[in-house]
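Report on the following structure.
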Amino acid sequence: MTKIVFSQRLLDDLIAVALLDKAEGVIKLPDWQRVLRGEVVAVGPGRMLPLGERAPMECRVGDQVSFSATAGMDSSYGVGKSIRLMRDTDVDAVLT
């Protein structure tokens, strides 16, 4: 897999995820039932807490994650691959 360089600076608790696979099956599930996988290519600094500190991020660059198909929004940002921007809390699991 080629390394994706994401040159944008993300804010708050946003993460950028490169989609790993598009599940093409015989039975088309509605979006709310589909689970996608991807690799985290960029993370923000974390959500700002009331006392001025930042909440720690759960995801790190390079983590493989699974998430709902309805989480976040798709974009290409000129990196040549489909990128999805979402909140750190939208991730269902970090795959090991």
Side-chain angles (χ1 to χ4, degrees):
M1 184 171 163
T2 61
K3 183 78 171 165
I4 295 177
V5 178
F6 190 78
S7 62
Q8 308 295 327
R9 186 173 63 97
L10 297 176
L11 303 175
D12 289 334
D13 61 342
L14 286 177
I15 62 172
V17 177
L19 299 178
L20 290 179
D21 55 4
K22 295 263 186 180
E24 299 294 331
V26 177
I27 300 173
K28 280 298 251 186
L29 295 173
D31 278 347
W32 60 272
Q33 286 184 327
R34 289 190 309 140
V35 174
L36 299 177
R37 292 182 323 126
E39 182 178 350
V40 178
V41 294
V43 296
R47 181 176 46 90
M48 185 65 76
L49 296 175
L51 296 178
E53 299 172 347
R54 296 258 181 203
M57 296 291 283
E58 295 289 330
C59 298
R60 305 277 181 250
V61 173
D63 285 350
Q64 289 193 3
V65 295
S66 68
F67 51 90
S68 169
T70 59
M73 63 179 189
D74 286 333
S75 181
S76 64
Y77 279 105
V79 295
K81 192 163 181 158
S82 182
I83 297 289
R84 183 163 294 197
L85 294 176
M86 67 180 75
R87 300 261 177 221
D88 187 44
T89 55
D90 289 338
V91 172
D92 294 332
V94 175
L95 307 172
T96 56

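Atom CG of Leu19 is separated from atom CZ of Arg37 by 11.0 Å, given to the nearest 0.5 angstrom. Here the OG1-CE distance, from Thr89 to Met57, works out to 9.0 Å after rounding to the nearest 0.5 Å. Atoms CG and CG, from Asp90 and Leu85 in turn, are 11.0 Å apart once rounded to the nearest 0.5 Å. Here the straight-line distance linking atom CZ of Arg87 with atom CD1 of Ile15 works out to 11.0 Å at 0.5 Å rounding.
Both Met73 and Leu14 belong to a single network of hydrophobic side chains, linked directly or stepwise wherever heavy atoms of I, L, V, M, F, W or Y lie under 4.5 Å apart.
Considering every non-hydrogen atom in both Ile83 and Ala16, the closest pair reads CG2-CB, 4.0 Å. Residues Val41 and Ala18 come closest through the heavy atom pair CG1-CB, 4.0 Å. Across every non-hydrogen atom of Cys59 and Val40, the tightest pair is CB-CG2, 4.2 Å.
In terms of modelled atom types and a separation under 3.5 Å, the side chain of Asp88 and the main chain of Glu58 share a donor-acceptor contact. In this structure, Arg84 contributes its side chain and Ala69 its backbone to a donor-acceptor pair below 3.5 Å.
For the pair Val91 and Met86, the minimum side-chain heavy-atom distance is below 4.5 Å. Looking at Arg54 and Asp12, their side chains come closer than 4.5 Å, going by heavy atoms from C-beta outward.
Tested against Asp63, the residues Val43, Val94, Leu95 include a single side chain to side chain contact (heavy atoms under 4.5 Å, CB included) partner, Val94.
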